[in-house]
Every structure is written in C-alpha cells, then in structure tokens.
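Not measured: the values here are computed from a predicted model.
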Amino acid sequence: MNSHNVTQGIERAPHRSLFKAMGYTDEELSRPLIGVFNAKSEIVPGHIHLDTIAEAVKAGVRMAGGTPIMVPSIGVCDGIAMGHTGMKYSLPSRELIADSVETMVLAHCFDGMVLIPNCDKIIPGMVMAAARVDIPAIVISGGPMLSGMKGAAHISLTQMFEAVGAVKAGKMDEAELCAMEDTACPGCGSCAGMFTANSMNCLCEAIGIALPGNGTIPAVFAERIRLAKKAGMAVMKLVEKSIKPSDIFIPAAFRNALAVDMALGCSTNSVLHLAAIASEAGVEFNLDIVNEVSAKTPNLCKLSPAGPYHIEDLYFAGGVQAVMHELLSGGYIDGSLKTVTGKTVSENIADAVNKNSEVIHPISSPYSATGGIAVLRGNLAPEGCVVKRSAVAPEMLRHSGPARVFDSEDEANAAILGAKIKKGDVIVIRYEGPKGGPGMREMLSPTSALAGMGLDKSVALITDGRFSGATRGAAIGHVSPEAVDGGLIALVMEGDRIDIDIINGKVELLVSQEEIARRRKAWTPPAPKITSGYLSRYVRMVSSASRGAVLK
C-alpha cells in the first residue's frame, strides 16, 4: 500500500510520531489511509453542509476497515462571483483544486480517496486530480438544492438573475424582486436546475466515478447521507481490488458521458470540463467527438433553464439511472464498462425505471433527435464554439443580424440594461476568453437581463467567454481562437452581419477576405488586464477553450 511509505518500518517511526500527535492509533495506522477531500466552506450554498457528508463518508470508510483522513479544499461560488472581477477566478480555481488534491495525495501517501465537491469548478478539479494521481477514487457530491417558490411556481437562481432584467424593463417592481430573494434558493445544495454543478454531478455517474444517485438525490434528503456512507465503503473495495480511475476513464466512458450530457441537456461548461478530465486521463477528446455524439443522441430532458423541471423532478422520475436505461435500450451507450460500484453500467441500471415520461421523454418520443449541446464552426470560430441547443427558442436556431460589439462583459451589460440593444441584434462580447478575460468569465448577467427584458427570443450573443449553466437563449460561447490570440472575433466591427445556423452548426462573419486582411493588418493585441498574482501566471499557461482551457 502507498501508506506503508509513511506508516511501516523502523525508518518511519518519526512519521508515526507525527500521526500520533494527531491522535491516530497503531490500529488506525495499520489500515489503508483514505483521503477524504472535503470542500466545505461557509461561502458556497452547495458546500455549507458538506461536513455532514464528510462525516458519513468517514463512517463508511471505518465500517469497511479503513482510516479516513479529512483534507479541505477551496471552492468558488459562481453565483456570488458572477458579474464582477471574482468571476475571473472561477475557472482558474479548477486548476488550483486539481493541483492541491494532487499535492496532498502524493505528499501523504494515501491509498485511496473520496472526493466531496458539489459546485461548478470543484467537481471537475477534483476529478482531474483523480485521473492524474490514479489511485482508487470515488466522488460523492453534496446533492442538489430543492427548487424555490414564487406563488405556486417553482423557481431557482435563473429566475433571480432574469428578474433583474425584468425590473430594469419595468416588468417587475422591486418589492416583487425582494420577495423572490427570500424564496428562490430555499436551502443548501447545488442550485436547482441543470446548471454546471448538477451537470457535472450527473456526468460523474455517467462516466462511472460516482455511485448511482450522486447527481440527483437532493442535498437535504437522508438518502444523501446513506449514499455518502456507501461511498466510504465502496472506496475500500476499490482499494482492495486496485480499481483505479485509469480503469474507468477510457474513451468509451467519455462517449457514455457525452451521450448522457446530450440526453439531459447539460451546461455547455460540461464540454470544457470533460475535455480537461480527458486530458488528465490521456484520452483523446475534441469538439468533433462532441458533435458526433450530439448528432446521433436524442435529447430526453428539458430541465431548467431549458424547461420547467428541476433536479428534484429528475430524481423522482428515476434519476440519471433512468435516463441511462433509456439510452441503453436504444444502443446509445456502452453498458459493459466498469464503474466504482464494481459492477458494469448495465448492472448498475438494470432495475432503473422511467417513472415520469414528461420529465424524461422515452427514446421513442424525444424532445429532439439530436443532443442538447451543439458545436458550431465557421470563419468566426474555426476551432469551434458551443451552444446549449436545447435551451434555444426554435425561432433563434437560425438568425442573422448586425453585430453589436463590446470588449468586455461589463460594457455589454451596461448596454443591455440601458436599453441600447434592439431585436435582431447579435451581441459580440470579446476579450473574455481564458487568456483575454483572463479566466473566461461566465456571463449570466447579460443573458439573464436579455431574458428578463423579453429579448432572448430575438437577440443572439456570441463570446470567447462562457456562460453559466443557468443561461438560456441563443448564447454561443467558447469561440476559438479567442480575441486576444487574434481570432476573427477580434476583428468584428459594429454593424457587421453575422449569420448563425445552429441546426447546421455554422457561424459566419459576412465580411470579405480583403476587408478582414485590412483589419488584421491594423489590429494589435491589447495589454494584459491583470499583470500580477495567480491570474498573471494562469494567462501564461492556459490553453484554448477548444482544448478544455487546461494548463500547458
């Protein structure tokens, strides 16, 4: 065992003395040491309760004969970080988390680990580390938040951001906005829609690194505590059988995850994160694979923001297992793959039942024959860009309009809230990519303002930044190459015509090659926005969004 490097032999007496300084006994040091990576904090609603999950995990590890050792992790709340400088740190925090988990595992010789994330970057950051260090590992999230209420209607964080635009447009008064504040997010858990956190927690099930139920059992249910205990017990079986992430993270598993992604209508950020995890696992993953899977996988769910349902509805309908059962029946996923249960995908979902065909459409009558995410290409994004197709109104699947160009999210947001955007416009927000932002900010504020003002069915938005999973509308992100690297998005001018064809995967700037050449000759990259601290180092190392924005 790895832990023998710090617990066994005469030479390790000094090491054992340090363990004993913390209260560990000889009996505990004779057992496998299991790192329990707990992202508990008092600034993230999805993490406020994770000590409860960690204690359940530790109980499971002990019941199965291991010694759990809790280790903390940072985590950014994307909602609280939204719309200001804080959002520049969200995606970069993924790399800090991956690096810190790697550091703690290898410095202390853990035999296995249980990862307890719940929100956006923390989940992929921990899973990236699992792929990197390749010791037995399992994910157990904190679970989704229940939806809130506005009268008789179920709401979530999406409606809070959209309400800001409604107030600015005179469609809602401030008293109603304040009343929504008190009820939209009723308690702990990852925000209630199919946003990035819940997308990744569901995809951890799909790829096989988490137990069935990980993505959908609500945070406040006792079943979540029981699942955490089972995760602690399960990791001990992984250690015993030496089942590692490299046994699970194979190319077919990523295709399974993508198929479930398309069926659920997950966040566009899932593409960034799956690409980053695949990179750590040494598995080829590119946007062509995404489009290939999307083209043949039906979309079965319309969860918020794409539709009226929330994660609790998916849970009661049968969860990710029921979705995978539908996909397996149609031959869309590989049921033979190994998972952390010690069983195959098919064995895990053998008893799954679709209990609500409105929440989970059957294979025979999907929402659409193609997946919830589409990759677009064209002269504006030769390396690709991404849109949540399932959250786009039918009338916006094809759109052509004049460019309204902004060099930052803040400028665009001011124009939107200042009623300077008209129906038919194509908003272009640039210099917000991984390098240019830096940090590739999520842009829920402008997209929600458009929706709240009633413009989401007539205005498109294109950016080299990215969007929150709570975004709906023709919001096209991850444009690659990004503006700061000289991508064509840097050369778009006010009033240029842009054609968008989501159905056929096209996005084109309708400007002659001669004019583009003239503009390129006159263009110079802007000075870096941040020149000190972590983000200045991140800028020097980060790759394109088309490669998952991993560090070089």
Task: Nearest heavy atoms of Ser329 and Glu326, plus distance in Å - done: OG-O, 2.6 Å
Open item on the list: One pair to check against side-chain contact (heavy atoms from CB on, under 4.5 Å): Ile462 and Cys385. What are the steps and the verdict?
Closed with: CA-CA 9 Å; Ile462 297 176; Cys385 55; over 6 Å; no
Task: Ser304 side-chain N/O to Gly193 backbone N/O, donor-acceptor pair under 3.5 Å - done: no
Open item on the list: What I want to check is whether the side chains of Arg224 and Ser141 have a donor and an acceptor closer together than 3.5 Å.
Closed with: yes
Open item on the list: Under a 3.5 Å threshold, yes or no: a donor from one side chain and an acceptor from the other, between Arg389 and Ser368?
Closed with: no
Task: Residues Arg441, Asp410: salt bridge by 4.0 Å N-O rule - done: yes
Open item on the list: Using only atom types and a distance under 3.5 Å, with no angle test, would you say the side chain of Ser199 pairs donor to acceptor with the backbone of Ser267?
Closed with: yes
Task: Spatial distance of atom CE (Met440) from atom NE2 (His478) [nearest 0.5 Å] - done: 4.0 Å
TODO: Can you spot which of Ile476, Ile498, Leu461 makes a side chain to side chain contact (heavy atoms under 4.5 Å, CB included) with Val428?
DONE: Ile498
Which side-chain N or O atoms in residues 371-378 pair as donor and acceptor under 3.5 Å with protein atoms at least two apart or in another chain?
| residue | atom | partner | partner atom | Å |
| --- | --- | --- | --- | --- |
| Arg377 | NH1 | Pro382 | O | 3.1 |
| Arg377 | NH1 | Glu383 | O | 3.2 |
| Arg377 | NH2 | Asp288 | OD1 | 2.9 |

Task: Non-hydrogen atoms of Pro117 and Ile122 that approach each other most closely - done: CB-CG2, 3.5 Å
TODO: Please confirm whether the backbone N or O of Glu432 pairs with a side-chain atom of Asp464, one donor and one acceptor, at under 3.5 Å?
DONE: yes
Task: Partners passing salt bridge (charged side-chain N to carboxylate O under 4.0 Å, His left out) against Asp334 (at least two apart in sequence or in another chain) - done: none
- [ ] Measure the CD1-CG distance between Ile360 and Leu303 for me, rounded to the nearest 0.5 Å.
- [x] 8.5 Å
- [ ] Would you give the length of the straight line joining atom OG of Ser156 to atom CE of Met194, rounded to the nearest 0.5 angstrom?
- [x] 12.0 Å
- [ ] Identify whether the distance between the nearest side-chain nitrogen and carboxylate oxygen of Asp99 and Arg132 falls below 4.0 Å.
- [x] yes
Open item on the list: If only side-chain N and O atoms count, and only distance matters, is there a donor-acceptor pair under 3.5 Å linking Thr471 with Thr447?
Closed with: yes
Open item on the list: Is it the case that the side chains of Ser390 and Asn299 hold a donor-acceptor pair, with the cut-off being a distance below 3.5 Å and no angle test?
Closed with: no
Open item on the list: I need the minimum non-hydrogen distance between Ile138 and Ala234, along with the two atoms involved.
Closed with: CD1-CB, 3.8 Å
TODO: Indicate the atoms forming the closest heavy-atom contact of Ile43 with Gly75, along with that distance.
DONE: CG2-O, 4.4 Å
TODO: Look only at the side chain of Asp111 and the backbone of Ile34, and say whether a donor-acceptor pair between them is shorter than 3.5 Å.
DONE: no
Open item on the list: Return the OG to CG distance between Ser73 and Leu115, rounded to the nearest 0.5 Å.
Closed with: 9.0 Å
- [ ] Could you please spell out the steps behind the side-chain contact (heavy atoms from CB on, under 4.5 Å) verdict for Val492 and Leu380?
- [x] CA-CA 9 Å; Val492 180; Leu380 200 53; 3.8 Å; yes
Task: SB check Asp78 Lys121 (cutoff 4.0 Å) - done: yes
Open item on the list: Please check: side-chain N/O of Lys40 versus main-chain N/O of His49, any donor-acceptor pairing under 3.5 Å?
Closed with: no
Open item on the list: Quick one: does any side-chain atom of Asn256 pair with a main-chain N or O of Ile207 as donor and acceptor, under 3.5 Å?
Closed with: no
Task: Smallest separation among heavy atoms of Lys529 and Lys88, with atom names - done: CD-NZ, 4.1 Å
Task: No-hydrogen, no-angle side-chain donor-acceptor test under 3.5 Å, Ser346 and Thr344 - done: no
Open item on the list: Is it true that, when you exclude Lys230 itself, more than 12 heavy atoms of the residues, nucleotides or ligands shown sit nearer than 6.0 Å to its NZ?
Closed with: no
Open item on the list: Test your reading of the model: is there a side-chain donor-acceptor pair from Tyr534 to the backbone of Pro92, 3.5 Å cut-off?
Closed with: yes
TODO: Without swapping roles, check the side chain of Asp134 against the backbone of Ser246 for a donor-acceptor pair under 3.5 Å.
DONE: yes
- [ ] For the residue pair Phe110 and Phe37, categorise the inter-ring angle as parallel (less than 30°), tilted (30 to 60°) or perpendicular (more than 60°).
- [x] perpendicular
Task: Nearest heavy-atom neighbours spanning Glu409 and Ser445 - done: OE2-CB, 4.0 Å
Task: Exceeds 12 heavy-atom contacts within 6.0 angstrom, atom CG of Leu106 - done: yes
